[in-house]
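Notes follow once the structure below has been shown.
The residues of the chain are indexed from 1 along the displayed sequence.
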Amino acid sequence: TAVVAACVHKRTSDSEGGTVRRWSFCINRGANAYIGVVRGDLNLDACSFVGGTFGSWGWSQASGDFRAEGAGEVAYGQTFSPGDRIDVEVDTVKCNLRFFKNGVDQGVAAEGLPLHECDLYAAVSLVAAGDAVTLLYDTKPGPPTSRITVGGKLEAPDHDLSLIHI
């Protein structure tokens with residue numbers, strides 16, 4: 001499991017300034033990724049995949065099911081494949097999490113996220129060797145200001161999104 005972006009939500013004492021945070025993953029290779037969010041205080045060594053342990057919530061590429069904090073899989077959305085774009089959305093007022101596949105809303109996956117208790121980070125678990133995703137993230141309103149490639153070279157700033165290849 002890898003935390004793949006800066007904090008997508010900072011803990012707050014109230015919903016003032018609440019907004020929707022959204023970022024995207026493009027699936028490059030593989031068939032068994034888990035995509036979602038993790039608490040900032042999560043011990044990643046104890047997290048075999050996103051959603052598989054307390055403090056993590058994730059959507060399964062292989063089954064389309066959703067896992068929350070180590071609970072069993074729950075039927076949720078469609079499966080996804082290489083070439084698909086997966087958007088992850090955290091509503092900081094409603095404290096919920098939802099996913100989109102190629103722009104199609106899969107519905108609310110989790111409600112009652114502990115946004116007043118902890119910071120949340122974008123995360124992905126790649127299960128098999130050779131699996132790859134690209135993170136396209138935009139966690140703040142307005143255009144992002146940087147473009148980064150992990151496992152490659154640092155690229156010039158871009159006006160519309162940031163890329164991280166995993």
Side-chain angles (χ1 to χ4, degrees), residues 1-11 15 18-139 161-166:
T1 299
V3 172
V4 293
C7 185
V8 296
H9 170 74
K10 288 295 242 182
R11 162 182 49 207
S15 62
T19 188
V20 171
R21 301 285 190 217
R22 192 168 180 172
W23 61 98
S24 303
F25 289 90
C26 288
I27 308 303
N28 301 330
R29 287 186 309 276
N32 200 21
Y34 288 83
I35 291 177
V37 296
V38 297
R39 292 174 61 115
D41 57 359
L42 178 68
N43 176 358
L44 290 177
D45 292 333
C47 185
S48 57
F49 58 89
V50 178
T53 192
F54 175 80
S56 67
W57 299 262
W59 184 19
S60 169
Q61 177 184 8
S63 67
D65 293 341
F66 180 76
R67 289 190 72 139
E69 301 194 282
E73 289 191 337
V74 175
Y76 173 62
Q78 299 174 353
T79 60
F80 44 100
S81 304
D84 288 335
R85 179 182 174 135
I86 304 302
D87 300 319
V88 185
E89 183 178 282
V90 173
D91 185 317
T92 64
V93 174
K94 295 178 182 175
C95 298
N96 66 26
L97 170 68
R98 66 188 324 127
F99 296 90
F100 298 77
K101 175 186 171 184
N102 299 323
V104 177
D105 188 352
Q106 302 296 296
V108 173
E111 297 177 316
L113 293 174
L115 301 180
H116 303 301
E117 298 172 17
C118 61
D119 299 340
L120 290 181
Y121 290 80
V124 63
S125 299
L126 301 177
V127 178
D131 288 358
V133 300
T134 299
L135 170 66
L136 312 166
Y137 68 96
D138 181 359
T139 59
L161 51 87
S162 295
L163 301 175
I164 297 180
H165 299 287
I166 299 172

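Residue Val50 comes nearest to Ser125 through the heavy atom pair N-OG, 2.8 Å, listed as atom of the first residue, atom of the second, then distance. Across all their heavy atoms, Leu115 and Leu120 have their closest contact at CD2-CD1, 3.3 Å. Between Ser56 and Cys47 the shortest heavy-atom distance is OG-SG, 4.1 Å. Closest approach of Ala122 and Trp23 over heavy atoms only: CB-NE1, 3.3 Å. What you find for Asp131 and Leu126 is that their closest heavy atoms are O-CD1, 3.6 Å. For the pair Pro82 and Gln61, the tightest heavy-atom approach, listed with the atom from each and the gap, is CD-NE2, 4.2 Å.
In this structure, CG in Leu136 is found 11.5 Å from CD1 in Ile86, a value given to the nearest 0.5 Å. To the nearest 0.5 Å, atom OG1 of residue Thr53 and atom CG of residue Asn43 are 8.5 Å apart. Rounded to the nearest 0.5 angstrom, Glu111 CD and Cys95 SG are separated by 10.0 Å. To the nearest 0.5 angstrom, Thr92 atom OG1 is 6.5 Å from Arg21 atom CZ.
Legend: residues meeting side chain to side chain contact (heavy atoms under 4.5 Å, CB included) with Ala110, ordered by chain and number and at least two apart, are Trp57, Phe66, Leu97, Leu113. Residues that satisfy the side-chain hydrogen bond (donor to acceptor under 3.5 Å, both in side chains) test with Asn32, not counting sequence neighbours, are absent from this structure. In this structure Asp41 satisfies the side-chain hydrogen bond (donor to acceptor under 3.5 Å, both in side chains) test together with Arg39, sequence neighbours excluded. With sequence neighbours excluded, no residue forms a side chain to side chain contact (heavy atoms under 4.5 Å, CB included) with Val74. Every side chain to side chain contact (heavy atoms under 4.5 Å, CB included) that Asp65 has, sequence neighbours left out, goes to Ser63, Glu73, Ala75. Taking the side-chain hydrogen bond (donor to acceptor under 3.5 Å, both in side chains) definition, one finds that Gln78 meets it with Lys101, sequence neighbours left out. Remark: Thr79 pairs with no residue by the side chain to side chain contact (heavy atoms under 4.5 Å, CB included) rule, at least two apart or across chains. Partners of Asp87 by side-chain hydrogen bond (donor to acceptor under 3.5 Å, both in side chains), not counting sequence neighbours, listed by chain and number: Arg22, Ser24, Arg85.
At a cut-off of 3.5 Å, with distance as the only test, a side-chain donor of Asp84 or Asn102 sits close to an acceptor on the other residue.
Ring geometry, Trp59 versus Phe99: the interplanar angle falls from 30° to 60°, so the pair is classed tilted.
Evaluated for a ring-ring contact (aromatic ring centres under 6.0 Å, His included) with Tyr34, the options Phe25, Phe49, Phe80 yield exactly one hit, Phe49.
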